[in-house]
S.K.: 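A single structure is presented below for examination.
In what follows, chains carry the letters A, B, and so on, assigned in the order in which the sequence lines appear, proteins first and then strands, with residues in each chain numbered from 1. Keep in mind that the numbers below use all heavy atoms, side chains included, and drop hydrogens, waters and symmetry copies.
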There are 2 protein chains.
Amino acid sequence: MDVTMKDVAKLAGVSLSTVSRVLNDSSLVREETARKVQKAVEKLDYQINDSARILRTNTSNLIGVIGAGMERPFLANLLKGIEAEARERGYALIYGDSDGEFEKEQNYLNIMKQKKIDGIILITTNYYNDLLSIVKNYQIPVVFASGYISDPEISCVTVDNVAAAYDIVEFLCQAGHKDIAFIKGPDLDLLASQERLRGVKLALRLSEIKYDPNRFIEGDFTFESGYSAAKKIIRKFPDVTAIFAFNDEMAVGAIRYLKEQNIKIPEEISVVGFDGIELGKYIDPALTTVKQSGYQLGLKSIDMLNKIINKEKIEDNKVFIPHKLVVRESTNKLNELTTKEEVIINNRG
Amino acid sequence: MDVTMKDVAKLAGVSLSTVSRVLNDSSLVREETARKVQKAVEKLDYQINDSARILRTNTSNLIGVIGAGMERPFLANLLKGIEAEARERGYALIYGDSDGEFEKEQNYLNIMKQKKIDGIILITTNYYNDLLSIVKNYQIPVVFASGYISDPEISCVTVDNVAAAYDIVEFLCQAGHKDIAFIKGPDLDLLASQERLRGVKLALRLSEIKYDPNRFIEGDFTFESGYSAAKKIIRKFPDVTAIFAFNDEMAVGAIRYLKEQNIKIPEEISVVGFDGIELGKYIDPALTTVKQSGYQLGLKSIDMLNKIINKEKIEDNKVFIPHKLVVRESTNKLNELTTKEEVIINNRG
DNA sequence: GAAAATAATGAAATCCATTTCACTATTTAA
DNA sequence: TTAAATAGTGAAATGGATTTCATTATTTTC
């Protein structure tokens, strides 16, 4: 029913082998013969049967992507970057959502293995050591694109979560904030959230601010969780002057809550986020955040994976993409606030 | 190197055929034999070679998804729904982004055909008639999940863009707005944007408001385009009392611009969006919009595709998912505004 | 208990491309 | 001109499953 190489061979008056050679690497075929074959291919609109090819060659030009929470803007852009670079390099993508569940991850891993994927990108927040050992067992090239994995065998591409979180907290501290609350990610998130936590602690220590675990409210990276975390923060710590949400969506949720309570941002409370998604520019006040490019992360991940697949030398299997502090309207210096109050006090006095 | 059925057969002491039967449909196999085979499968951790299976059976349990602009929250959720339902039904997903380019769509269509996908979901804004005829030629089950396609042969699942746009414009009109501006989608978008446009026109006609094409500024569904569209609107039509952006992101961008200009929302200008993405609840003012569920749309699309693949009867190959007007803070009745003004006038008088 | 029917299994063909090996045609070297 | 080397091509083996057809065991029927 479908056109096969045999049909092409017959029409071109050559053998199967020759057709195959023309379609892959015509170096061994006379130009004239190649032309005949090409003509037949076009005339019949021949399309290769990929399964047959994969069966024989054991390479699929397929890359598996297993992610979770990919509807988040940052990760949606990551996927976009992955897709663009994969396409560029001749790979197609098999995409599966694990919902952050180990079982589903395993499941997809199996399915993808059965499809003989050439490599796999994992975007998984709560990796378990089990997953790591399974992945290693599979002998399939893997890149983690969600956080730093210390295991030296594992390649990963990620923003430097520790440094980035450090930078933004340091920024708050240098602005004079001492009473800071945090909306962290799920405790199960062993990658991004835990790393950012480490960066926070580091910055606090260097600024000689006591680390108080109570000031870390757990969220799940959604608007909603940011909103309700802010509520808890305001109740428990009415004196905070700054909130650092571990991603922009939670920051936006928090801002919404604060505004509902008629708390002025940044005059009374500064709010900062993480990721630097487009949205941050358009909310009111525009969000101060530390920006990383999901798209870039996607490109780099495929780049590294491609190198592993092709057994190219890799200088370093831990790659960090750049991050940048973006100061907008949701923060100010605590001094400024003080100044204003002083002015008011002066007026009164 | 990999474990094959042959290995399983040998270990279990049966023939290849028997192993295959056990793994597919053991109805013809003695229970005892089946157990032996199962045990061998487990012992060897046998994984089927999918390419071999597909080659033989010509069915892949693969569904292709070709989309564009999938980083938009609504579409990201659509993809999530597609993935969830596809997984549920035993399909894996091959995912490609077309960037809205015909050539890339064609390309992916070819690649996917070569991989013997069982069906395909198209989320493409500017479909060309070319694409339609190609798709028809391919004889592969297809579902459009992005808008209404009139061609009776083509199945589609979509919100009723005409009705939804009608509803929200009617809502504005009934609130007393006569001077409305619109931020539409790209003119190339023959689906969502053009349909919404039709809904708008219908509502305007029924409310006896003259249709003025100048009042429709073209955007591209991004925050940024909503922002600059609002700028144009305010310059050209300083008297507008309402803006309808054809999606929520553009509405958010518009709101940002209006706020920068110290224009009060909704007191001076009401703003409405389309889609009902989560974000709308958290911006200030919370966005009035017409809500559809991307996730739901995804589920329904796979459901329909699955039916086509299995040659089940389909009552109607045009399916609409529900939409709902969600009134929040970004709109008010023009009367209320008038009342306030009257009060002010009275105060003055 | 023999014949007929059914259940359970295996051998071999098949799906479609790639690739090795063998062979012929053409060049090059001597 | 002949021997040696190389270029170009084809036949056949191969990858790993499914499935048809044939065959052997087992039941059922009379």
S.K.: Tyr138(B): what forms a ring pair (Phe, Tyr, Trp, His ring centres under 6.0 Å) with it, not counting sequence neighbours?
M.R.: none

S.K.: Give me the residues of residues 107-118 of chain B where at least one heavy atom lies under 4.0 Å from an atom of DNA chain D, by number, or none.
M.R.: none

S.K.: Please list, chain by chain and in numerical order, all residues satisfying side chain to side chain donor-acceptor pair (under 3.5 Å) with Asn24(A), sequence neighbours excluded.
M.R.: Ser20(A)

S.K.: For Asn24(B) and dT9(C), what is the distance between atoms CG and P respectively, to the nearest whole Å?
M.R.: 16 Å

S.K.: Could you tabulate the donor-acceptor pairs under 3.5 Å formed by side-chain atoms of residues 58-69 of chain B, not counting sequence neighbours?
M.R.:
{"from": "Ser60(B)", "atom 1": "OG", "to": "Leu62(B)", "atom 2": "N", "distance (Å)": "3.1"}
{"from": "Ser60(B)", "atom 1": "OG", "to": "Lys116(B)", "atom 2": "O", "distance (Å)": "2.6"}
{"from": "Ser60(B)", "atom 1": "OG", "to": "Asp118(B)", "atom 2": "OD1", "distance (Å)": "3.4"}

S.K.: Is there any side chain to side chain donor-acceptor pair (under 3.5 Å) pair reaching into residues 142-155 of chain B, and which pairs are they, with sequence neighbours excluded?
M.R.: Lys136(B)-Asp151(B)

S.K.: Reckon Thr57(B) touches a base, only the sugar-phosphate, or nothing at all at heavy-atom distances under 4.0 Å?
M.R.: sugar-phosphate

S.K.: Among residues at least two apart in sequence or on other chains, which ones pass side chain to side chain contact (heavy atoms under 4.5 Å, CB included) with Lys80(B)?
M.R.: Glu71(A), Asp97(A), Asp99(A), Asn77(B), Tyr295(B)

S.K.: Whole angstrom is fine here: how far is it from CZ in Arg35(B) over to C1' in dA8(C)?
M.R.: 15 Å

S.K.: Mark up nucleotides 7-13 of chain D, 5' to 3', with B wherever a protein heavy atom is under 4.0 angstrom from a base atom, S wherever such an atom reaches only the sugar-phosphate, and - elsewhere.
M.R.: -SBBBBB

S.K.: Can you measure Lys36(B) atom NZ to dT9(C) atom C1' for me and round it to whole angstrom units?
M.R.: 11 Å

S.K.: For DNA chain D, which residues of residues 46-55 of chain A approach it to below 4.0 angstrom with any heavy atom?
M.R.: Ala52(A), Leu55(A)

S.K.: Is there any side chain to side chain donor-acceptor pair (under 3.5 Å) pair reaching into residues 39-55 of chain A, and which pairs are they, with sequence neighbours excluded?
M.R.: Gln47(A)-Asn110(B), Gln47(A)-Gln114(B), Asp50(A)-Arg53(A), Asp50(A)-Lys115(B)

S.K.: State whether Arg87(A) and Glu83(A) are salt-bridged, where the test is any N-O pair (Lys NZ or Arg NE/NH1/NH2 against Asp/Glu carboxylate O) under 4.0 Å.
M.R.: yes

S.K.: Scan residues 294-309 of chain B for pairs that pass salt bridge (Lys or Arg N to Asp or Glu O under 4.0 Å), counting only residues two or more places apart or in two chains.
M.R.: Arg89(B)-Asp303(B), Asp303(B)-Lys307(B)

S.K.: Test of understanding: with side chain to side chain donor-acceptor pair (under 3.5 Å), list the residues that count as partners of Gln296(A), not counting sequence neighbours.
M.R.: none

S.K.: Tyr95(A): what forms a side chain to side chain donor-acceptor pair (under 3.5 Å) with it, not counting sequence neighbours?
M.R.: none

S.K.: Identify whether any heavy atom of Ser20(B) sits under 4.0 Å from a base atom; if not, whether one sits that close to sugar-phosphate; answer base, sugar-phosphate or nothing.
M.R.: base

S.K.: Within the distance-only criterion (no hydrogens, no angle test), does the side chain of Lys318(A) pair as donor or acceptor with the backbone N or O of Ile149(A) below 3.5 angstrom?
M.R.: yes

S.K.: In whole angstroms, how far is the P atom of dT9(C) from the NZ atom of Lys10(B)?
M.R.: 20 Å

S.K.: Rounding to an integer number of Å, can you tell me how far Lys6(B) NZ sits from dG16(D) C1'?
M.R.: 10 Å

